[in-house]
> 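I have a structure I would like to understand better, so I am pasting it below and will then ask my questions one at a time.
Being a predicted model, the structure only gives us computed values, none of them experimental. Below, all heavy atoms of this structure are taken into account, side chains as well, without hydrogens, waters or symmetry copies.
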Amino acid sequence: MEKKTKLVEEEDGCYYYDYGGYGDGVVDDEGRATELRPMALSRPHTQAFHLAWMSLFACFFAAFAAPPILPAMRPALVLAPSDASAAAVASLSATLVGRLAMGPACDLLGPRRASGVASLVCALALALAAVFASSPAGFVALRFVAGLSLANFVANQHWMSRIFAPSAVGLANAVAAGWANVGSAAAQVVMPVAYDAVVLRLGVPVTVAWRVTYLLPCAMLVTTGLAVLAFPYDLPGGGGGRCPGGGGGRRRSFWAVVRGGVGDYRAWLLGLTYGHCYGVELIMENVAADFFRRRFRLPMEAAGAAAACFGAMNAVARPAGGVASDEVARRFGMRGRLWALWAVQSAGAALCVLVGRMGAAEAPSLAATVAVMVACAAFVQAASGLTFGIVPFVCKRSLGVVSGMTASGGAVGAIVTNRLFFSGSRYTVEEAISCTGITSLLCTLPVALIHFRRQGGMFCGPSATIDGDGDVDDDDDYMLLK
């Protein structure tokens, strides 16, 4: 029997989807998908999933489009070596600001509309910055605008958390983010090829060619942004569908939404821990090439290839973290998710320390160092997936704010770590990498303080009370499926 989904209008002018054709078990009573089926393209949940990760893929591509063609941009913009570092900090700062702003925007407008509008605005700003940049300040502005596009990560995770049930939300969040992160690796390969094509085949002068090349990330942002806005699906079965304002349900005060997230200590703790898993990833991707080039005297291409191994693990490691989060939740509930996050992130931190120690050895082995770095990447990125397997359960009413705070923690962690250990000459690169791992070990310990009334924490059980009708007090908005 063919499975069909019908768009049904409610009395208040909102729309929702009728999933009756799918049968029991495919969606829950709120219309959320109970499992991720990437090949079931007729299902609106799957369509939204693919739109979300492809949109974020374009954002990662745009955010990391400049470094691969920096040699071509340097003479055109008269860049000094310090300008590249300043631009990298500007990009991270923009990511932080954008993600903090995107959280409330998702709660008030809906993640789909917030994502689409952000992509289009960033595409316009990026095009203008590429056209008018003519100095180091213009280059910093270009990287800042590109960094803003990564605010879409919050919309991506918010959207997935809304349309997938607790039994699949960890996997959906992790796969959507993991596949999207590959956009940064794609930029490393595609942008130089596109630049060469513009110069050699179109005959564009080298001082202008990089600007023309930037049409590619701008076009990707526009295409995915329009596709997301054209898609009519926001939230499942009566949860918001396509409503005036796109917020899904009754309108809420901006400050009430913000207070709901900022006032929850668990959001702050998850931001801290994410700052030392995704933050470690950002640091390693920034310093790995220089580390291999200096310590092992590798040529630029070989050092870049060795460093790329770290980012390439995103395709499998982060989804694996999501799978692990959902699997341990089926067996042990929220306790399983918390213990898994602590264990995996601690292992990644320990391997980060080992990478630095191996690099500091008198005669380091390149093969062994790369192998340990890849293992470190696997655990660190899996920890990122595990983190966002917990985020959807913190505060449903302010899910966007919580997602934004957690995601922003990654940028904050990278900025602080860079300032403490990688700026100046106090530490060698090898020592700084080891210090990063030690800091990550310490900042993972507060996971033990996270507690859910209905599900408990790492060391204590649930504390929710039962009222006279036998119902649990409504503190946590989600119930895990065992």
Side-chain angles (χ1 to χ4, degrees), residues 48-68 87-88 90-103 105-106 109-130 141-160 173-191 194 213-231 278 281-282 285 311 314-315 318 381 384 388 400 403-404 406-408 410-411 414:
F49 164 78
H50 286 300
L51 274 177
W53 79 259
M54 286 189 289
S55 176
L56 185 58
F57 180 98
C59 294
F60 272 99
F61 190 100
F64 293 96
S91 180
L92 285 173
S93 300
T95 300
L96 168 61
V97 173
R99 289 182 173 183
L100 286 174
M102 181 62 81
C106 287
L109 301 177
R112 180 182 62 84
R113 291 188 177 183
S115 173
V117 170
S119 291
L120 295 179
V121 170
C122 286
L124 175 61
L126 191 61
L128 291 174
L142 180 75
R143 292 300 311 275
F144 182 88
V145 170
L148 283 175
S149 68
L150 292 183
N152 248 335
F153 175 83
V154 177
N156 173 285
Q157 299 291 275
H158 188 287
W159 200 3
M160 295 303 94
N173 273 339
V175 175
W179 290 1
N181 265 273
V182 179
S184 59
Q188 299 285 342
V189 177
V190 174
M191 286 298 286
T213 306
Y214 252 89
L215 289 174
L216 178 58
C218 291
M220 292 173 64
L221 288 173
V222 170
T223 302
T224 55
L226 290 175
V228 168
L229 287 176
F231 190 60
Y278 185 65
E281 178 181 346
L282 290 175
E285 288 177 345
N314 263 304
R318 188 157 186 155
Q381 291 160 9
S384 295
F388 275 87
S403 298
T406 304
S408 299

> How close do Ala130 and Tyr214 get, counting heavy atoms only, and between which atoms?
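Looking at all heavy atoms of both residues, the shortest contact is CB-CB, 4.0 Å.
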> Which value, rounded to the nearest 0.5 Å, describes the distance between Leu142 atom CG and Leu126 atom CG?
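Reported to 0.5 Å precision, the distance equals 5.5 Å.
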> The test is ring-ring contact (aromatic ring centres under 6.0 Å, His included); show your working for Phe153 and Phe388 and say whether it passes.
CA-CA 11 Å; Phe153 175 83; Phe388 275 87; 5.2 Å; yes
> So, for Cys106 and Ala155, which heavy atoms are closest and what is the spacing to 0.1 Å?
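Closest approach of Cys106 to Ala155, heavy atoms only: SG-CA, 3.6 Å.
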> If you take all heavy atoms of Ala63 and Arg143, which pair is closest and at what distance?
O-NH2, 3.7 Å
> Would you indicate whether the side-chain heavy atoms of Pro217 and Met191 approach each other to under 4.5 Å?
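With C-beta onward as the side chain, the pair touches.
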> Report the distance from atom CG of Asn152 to atom OG1 of Thr95, rounding to the nearest 0.5 Å.
11.5 Å
> Is it the case that the side chain of Gln157 and the backbone of Asn173 share a donor-acceptor pair, with hydrogens and angles ignored and the cut-off at 3.5 Å?
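Yes; at least one donor-acceptor contact below 3.5 Å.
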> State whether a side-chain donor-acceptor pair under 3.5 Å links Ser55 with Asn156.
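Ser55 vs Asn156: no donor-acceptor pair found between side chains.
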> Nearest 0.5 Å please: distance from the OG atom of Ser91 over to the CG atom of Leu96.
11.5 Å
> Does Arg99 reach the main-chain N or O of Leu150 with its side chain, forming a donor-acceptor pair under 3.5 Å?
yes
> In Å, rounded to the nearest 0.5 Å, how long is the span from CG of Leu229 to OG of Ser119?
8.0 Å
> Which heavy atom in Leu92 sits nearest to a heavy atom in Ala414, and how many Å separate them?
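Heavy-atom minimum between the residues: CD1-CB, 4.3 Å.
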> Side-chain contact test, heavy atoms from C-beta onward, threshold under 4.5 Å: evaluate it for Thr224 versus Phe57 and give yes or no.
no
> To check you understand the geometry: which heavy-atom pair defines the closest contact between Gly410 and Tyr278, and what is its length?
CA-CD2, 3.9 Å
> Which class fits the ring pair Phe64 and Phe60: parallel under 30°, tilted 30 to 60°, perpendicular over 60°?
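Ring orientation of Phe64 relative to Phe60: parallel.
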> State whether a side-chain donor-acceptor pair under 3.5 Å links Glu281 with Asn314.
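Yes, Asn314 and Glu281 have a side-chain donor paired with an acceptor closer than 3.5 Å.
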> How many angstroms lie between atom CG of Leu56 and atom OG of Ser149, to the nearest 0.5 angstrom?
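Between atom CG of Leu56 and atom OG of Ser149 there are 8.5 Å.
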> Just wondering, do Leu128 and Val145 contact through their side chains at under 4.5 Å, heavy atoms?
no
> Angle class for the Trp179/Trp53 ring planes (parallel below 30°, perpendicular above 60°, tilted otherwise)?
perpendicular
> Closest approach of Trp159 and Ala48, non-hydrogen atoms and distance?
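In terms of heavy atoms, the two residues are closest at CZ2-CB, 3.7 Å.
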> Measuring from Phe231:CZ to Leu226:CG, what's the distance to the nearest 0.5 Å?
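Between Phe231 CZ and Leu226 CG, I get 15.0 Å after rounding to 0.5 Å.
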